[in-house]
Protein chains: 2
Amino acid sequence: MTVRNARLADFLPYLLSVTSNVVSDRIADEYRARFGLKIPEWRVMAVLGDGGAMTQRLLVGATRMDKVAVNRACKVLEERGLIRRSPNDRDGRSHHLELTAAGKAMHGEIMPIALDMERRLFSTLGAAERDQFKSLLARINVAADQMESPE
Amino acid sequence: MTVRNARLADFLPYLLSVTSNVVSDRIADEYRARFGLKIPEWRVMAVLGDGGAMTQRLLVGATRMDKVAVNRACKVLEERGLIRRSPNDRDGRSHHLELTAAGKAMHGEIMPIALDMERRLFSTLGAAERDQFKSLLARINVAADQMESPE
DNA sequence: GCAAATTGGTTACAGTTGGAACCGCCTTGC
DNA sequence: GCAAGGCGGTTCCAACTGTAACCAATTTGC
């Protein structure tokens, strides 16, 4: 045949995007229903709960979100009393952000639920397949990152 | 500069989302630069080029986009003269949509480029790994889909 | 030591997105 | 054959997102 029959459903980036969206949507529903959190807010909670106090700049690196998204998420969390800002002596432009007691309590509830949801979403994969999947994603990530700037 | 944060960075849905986004962004840049197409528009082109004339309803199923997104993409493509509407005798509410000559020409250019980009983005994976990855994505897709409807 | 450039953070704005209402056609049930 | 309900497609609106402008603090270069 003259033209190779390329179907959208076989196109890897398409499949990746669709899968990622369906997973994200499912998770977003759960967080919104249970905690009233959006995914950006949840990510900030997860990082602060795991890594302790840090600036927005560090949050940008840790969550891979842009600084505006991080700022907005932090503002919401602060207004809800889940995180607190304290001055940064070493740099007057930024603050240290950390979970409040309420924030820690919520973090303690969220993480088991998150991990359980991960387990359920990927239960169709065996443990070895999950590891394999994770490592494939990480490699693709690196490759696409490198492709971004040069060339 | 990636801050190490064991939990979030190991969370599979997060890794999936980040990877999907970096891949999508990379591809979106390419289509926009070369053809002035957004991804939804490209998807419609790909499906029509592969499947021939069909209604928006069928496009919704084939592209996994919602009907508003499909409608908007079709409108843009029609205004650019890449697709054409013809009446649907069997249902007065909808039209058949198909590529024009110009649309077919563009489709002929796009597909090789798309496949090449896929090849480059996933070149870090061997052929067997790519197949594996594809099948893992498909399985996750099915699982998350099933989880959507309340149980 | 100071002007210039850079950086962390914030705000403003414009483009994008998706849910819901809406319109007209079609199907169903009587 | 017609009222009621459903469906394809379109429009509307409100929320979200990202880019760019902006401010203040810090670093750099001379």
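Residue numbers start from 1 in every chain, and the chains themselves are labelled A, B, ... in the order their sequence lines are given, proteins ahead of strands. Quick caveat: nothing in here was measured; it's all calculated off a predicted structure. The figures that follow rest on heavy atoms only: side chains count, while hydrogens, waters and symmetry mates do not.
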When you get a sec, tell me which of D:dT11, D:dA20, D:dG9 is the closest nucleotide to the side chain of A:Val68? D:dA20

Between A:Glu41 and A:Leu37, what is the shortest heavy-atom contact and its length? OE1-CA, 3.5 Å

Looking at D:dC16, I'd like to know if its phosphate oxygens (OP1 or OP2) sit under 4.0 Å from a side-chain N or O belonging to A:Lys38. yes

Would you say the side chains of A:Ser17 and B:Arg43 form a donor-acceptor pair under 3.5 Å? yes

Figure out the CG/C1' separation between B:Asp91 and C:dC25, and round it to whole Å. 7 Å

Is the shortest side-chain N/O distance from A:Thr55 to OP1 or OP2 of C:dG8 below 4.0 Å? no

So which heavy atom on B:Phe35 is nearest to which on B:Arg80, and how close? O-NH2, 3.0 Å

Starting at CZ of B:Arg32 and ending at C1' of C:dT16, how long is that distance when rounded to a whole Å? 14 Å

Thinking salt bridges, do B:Arg119 and B:Asp116 make one under a 4.0 Å N-O criterion? yes

For B:Lys67 and C:dT17, give me the distance from atom NZ to atom C1', rounded to whole Å. 15 Å

Atom-pair distance (CZ on A:Arg43; C1' on D:dT17), nearest Å: 14 Å

In this structure, is the centre-to-centre distance between the rings of A:Trp42 and B:Tyr14 below 6.0 Å? no

Measure from CG on B:Asn88 to P on D:dC7 and round the result to the nearest Å. 17 Å

Can you identify which nucleotide, out of D:dT11, C:dG9, D:dG8, has its nearest atom closest to the A:Arg57 side chain? C:dG9

Spell out yes or no: do the side chain of B:Arg93 and the base of C:dC26 have one donor N/O and one acceptor N/O closer than 3.5 Å? no

Rounded to whole angstrom units, what separation is found between the CG atom of B:Asp25 and the P atom of D:dT17? 14 Å

Taking only side-chain N and O atoms of A:Lys75, does any of them lie within less than 4.0 angstrom of OP1 or OP2 on C:dG9? no

Closest of C:dC26, C:dG8, D:dG18 to the A:Asp66 side chain is D:dG18

What is the distance, to the nearest angstrom, from the CD1 atom on A:Ile39 to the P atom on D:dT17? 10 Å

When the distance from CD of A:Gln56 to C1' of D:dC23 is rounded to whole Å, what number comes out? 15 Å

Remember a base hit wins even if backbone is also touched, and classify B:Arg85 as base, sugar-phosphate or nothing at under 4.0 Å, heavy atoms. sugar-phosphate

Out of C:dT11, C:dG18, C:dG9, which nucleotide sits closest to the side chain of B:Arg72? C:dG18

